[in-house]
There are 2 protein chains.
Amino acid sequence: MSNVKEILGNYSSDIIKTIEDELSVITPNNLQEASIYLTKAGGKMLRPALAVLTSEAVGGNKENAFKAGAAIELIHTFSLIHDDIMDDDDMRRGMPSVHKVWGEDVAILAGDTLFSKSFEIILSSNPEDIDPSQINKALATVADACVKICEGQALDMGFEDRYDVTEDEYMEMIFKKTGALIAGATKVGAIMGGASQDVVDAMYEYGRLIGLAFQIQDDYLDLASDEETLGKPIGSDIVKGKMTIIAINALSASEGSNYDDLLEILKKDDNSQEDIDLAIELFNKYGAIENARTLALESVDKAKEVLEILPDSSSKQALADIADFVLERHS
Amino acid sequence: MSNVKEILGNYSSDIIKTIEDELSVITPNNLQEASIYLTKAGGKMLRPALAVLTSEAVGGNKENAFKAGAAIELIHTFSLIHDDIMDDDDMRRGMPSVHKVWGEDVAILAGDTLFSKSFEIILSSNPEDIDPSQINKALATVADACVKICEGQALDMGFEDRYDVTEDEYMEMIFKKTGALIAGATKVGAIMGGASQDVVDAMYEYGRLIGLAFQIQDDYLDLASDEETLGKPIGSDIVKGKMTIIAINALSASEGSNYDDLLEILKKDDNSQEDIDLAIELFNKYGAIENARTLALESVDKAKEVLEILPDSSSKQALADIADFVLERHS
């Protein structure tokens, strides 16, 4: 795992530099500062590293790889800024969120600006290094991921106060909200690296699978981590009544038996520790935690199988390590 | 002028159809409805008509022309939705604004979705009809216009409570906020129509010039139209203390004389009709209204000269008519 953190760290400064160069021309100052703020705050850099590693793994050059990574990170940052406005989240990356510092208006504009800049970064590729039709494909991938992020966020908002969300609905939502950009990262990396269509498709599938595992792991950690590591209380999804894959499966499996007890806890706003413990007990009783864990493990295994289309390289190995890392992380 | 309204109306249904086809796949329903709402509400369709006419004037095919027009209209709509949130405007196109109907969260997402869809429309061009490098150029033009719109909006917000805005600052702001997308429309139309680089550049300049005239006419109409035609009281910019080109020039020309009187009126929040009349008198005394009118007229004349690079056609004539229309309109 430390290996993966090292890998992500390795690319961080080049990605940040590519982004800063692109954003340094924005005026006025407050818009530039609001646009660059979260990048400077330092994220995990998982998505851009995936784009860069995929690009390298298919034999692409460094400059194109960093453009792919920077473009994906800007889309991620844009969606965080707009999400924080929608969710009224005060903090992001350990700092006050963009709309808390510059106000909602500038935060909306900063998100919109990053969105445009993501396209401009890819469009600034050296035409000697990449065919224009490949640039079109990369941009189509970014645009598609953006539409899906919006759809996923809208679906997620529509799940609020609904307790009959099906597993299929949940899967569609998390793919769009989280998986699409991770899959977009590896696909854009492959395209910018000049990969053939079957490799591009495989890299999208790899990204989709680890994105799925990533989200399920999030649901799992809410129950299985500890408060200090996670940075929030265990069981907070239960308190919020959030329809995670675990809650959905447990509700479905407990019909005719403990369904009403579980539903009552999920609907309640002021759960006691006893409520939380009982919900976790029921999740376990109906095998919902184990099932989620199995689904995540299978996704990671499939993701690593998909990688076999690539020639051996340290980048390919790093992509396999990242797939494992998704389930090894504790926060 | 009725001729121009007819021209704009001619393209309206094809543009709306292109947009509706593109947006019909968005899920969930509320996001799709919020995204398509303002298009159905019916706008002037000036920007998309400019794109289509330019594309036709350079010999482009119909399908590419409508894609250019639809993409530009989506960017315009996206910016209106986000602007209405920022300005807390309740009404748009005679109907409640998007955030008033679906809430701010869905409105932010609808804007973001339209943004992505604008790129997707251009990317969906038939590769037999247009070279991939031309598609890249069209997308770069759209992305550049989007960055400028955000910068222009941020500049405009920065002008609030400032009474020392210079003419250069004002010119930069209105170009970015309004002119860039009009210039982008004619440039994208030229690119999608397959024009040579010098024609593309000329069409950008034409768009920039009529965009400038358009904005100055807005400032002029606030003083010279009548309340019924304009749909708001005459002199409302004075009441708001807005730094229009007319106010900026009058302040600058009245230094050492009526400067303080004018500034006091602009700073006041509760102007009487007498205040408004005095401000207009001072605007006239220092030739600020005439100067603005002259600048707008010169811009339109230059715009029509620029059109001379095009071969004669009904589309070229329509572009010249639109340039005149910009200053003939009363609302």
Side-chain angles (χ1 to χ4, degrees), chain A residues 25-32 34-35 75 78-79 82-83 85-88 102-106 108-125 127 131-137 139-140 142-151 153-155 157-158 172-173 176, chain B residues 25-32 34-35 75 78-79 82-83 85-88 102-106 108-125 127 131-137 139-140 142-151 153-155 157-158 172-173 176:
Chain A
V25 293
I26 296 169
T27 60
N29 276 343
N30 64 337
L31 183 62
Q32 182 181 144
S35 300
I75 295 296
F78 134 74
S79 78
H82 282 190
D83 277 7
I85 298 172
M86 291 181 229
D87 302 340
D88 205 16
W102 284 275
E104 282 197 15
D105 295 355
V106 173
I108 291 174
L109 288 176
D112 295 345
T113 305
L114 293 179
F115 196 119
S116 317
K117 284 290 175 187
S118 169
F119 287 85
E120 291 196 331
I121 281 188
I122 291 177
L123 284 161
S124 72
S125 305
D131 190 77
S133 65
Q134 293 301 103
I135 293 180
N136 284 340
K137 275 190 195 168
L139 294 172
V142 173
D144 179 62
C146 289
V147 172
K148 287 195 167 67
I149 289 170
C150 295
E151 291 184 334
Q153 176 74 4
L155 283 170
M157 291 178 342
E172 183 190 357
M173 185 277 284
K176 287 183 167 173
Chain B
V25 293
I26 295 170
T27 60
N29 276 342
N30 64 336
L31 184 62
Q32 182 180 144
S35 299
I75 295 295
F78 134 74
S79 78
H82 282 190
D83 277 6
I85 298 172
M86 292 180 228
D87 302 339
D88 205 16
W102 284 275
E104 283 197 14
D105 295 354
V106 173
I108 291 174
L109 288 176
D112 295 344
T113 305
L114 293 179
F115 197 122
S116 317
K117 284 289 175 189
S118 169
F119 287 86
E120 291 197 331
I121 281 188
I122 292 177
L123 283 162
S124 71
S125 305
D131 190 78
S133 64
Q134 293 301 103
I135 293 180
N136 284 337
K137 275 190 196 167
L139 295 172
V142 173
D144 179 61
C146 289
V147 171
K148 287 195 166 68
I149 289 170
C150 295
E151 290 183 336
Q153 175 75 5
L155 284 169
M157 291 179 339
E172 183 191 356
M173 186 277 285
K176 287 183 166 173

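FYI, side chains are in, hydrogens and waters are out, and symmetry mates aren't considered; it's all heavy atoms of this structure. Within every chain, numbering begins at 1; the chains are lettered A, B, ... in the order of the sequence lines, protein sequences first and strands thereafter.
- K148(A) does not touch chain B: none of its heavy atoms, backbone or side chain, sits under 4.5 Å away.
- Ranked by heavy-atom pairs under 4.5 Å with chain A, the first of D112(B), I149(B), V147(B), D131(B) is D112(B).
- Using a 30° and 60° split on the angle between ring planes, F115(A) and F115(B) fall in the tilted class, from 30° to 60°.
- For chain A, the option among L114(B), I108(B), N30(B) with the highest count of heavy-atom pairs below 4.5 Å is I108(B).
- E104(A) touches chain B through its side chain: at least one heavy atom from C-beta onward sits under 4.5 Å away, while N, CA, C and O do not.
- Annotation: maximal heavy-atom pairing with chain B below 4.5 Å, among H82(A), K117(A), Q134(A), Q153(A), occurs at H82(A).
- Proximity to chain B involves both the backbone and the side chain of L109(A), based on heavy atoms less than 4.5 angstrom apart.
- With a threshold of 4.5 angstrom between heavy atoms, L123(B) approaches chain A through side-chain atoms but not through N, CA, C or O.
- The minimum heavy-atom distance linking E120(B) with A140(A) is given by the pair OE2-O, 4.4 Å.
- Across I122(A), L139(A), V142(A), the residue that shares the most heavy-atom pairs under 4.5 angstrom with chain B is L139(A).
- For E172(A), the part lying near chain B is the side chain, with the backbone staying farther off; criterion is any non-hydrogen pair under 4.5 Å.
- The parts of D144(A) that come within reach of chain B are both its backbone and its side chain, each placing non-hydrogen atoms under 4.5 angstrom from that chain.
- The two residues E151(A) and I26(B) have their closest heavy-atom pair at OE2-CA, 3.3 Å.
- Residues S116(B) and A143(A) approach most closely at CB-O, 3.8 Å, considering heavy atoms.
- If you tally non-hydrogen atom pairs under 4.5 Å between each of D83(A), T27(A), L155(A) and chain B, the highest count goes to T27(A).
- For the options N136(B), T113(B), L31(B), heavy-atom pairs under 4.5 Å to chain A are most numerous at N136(B).
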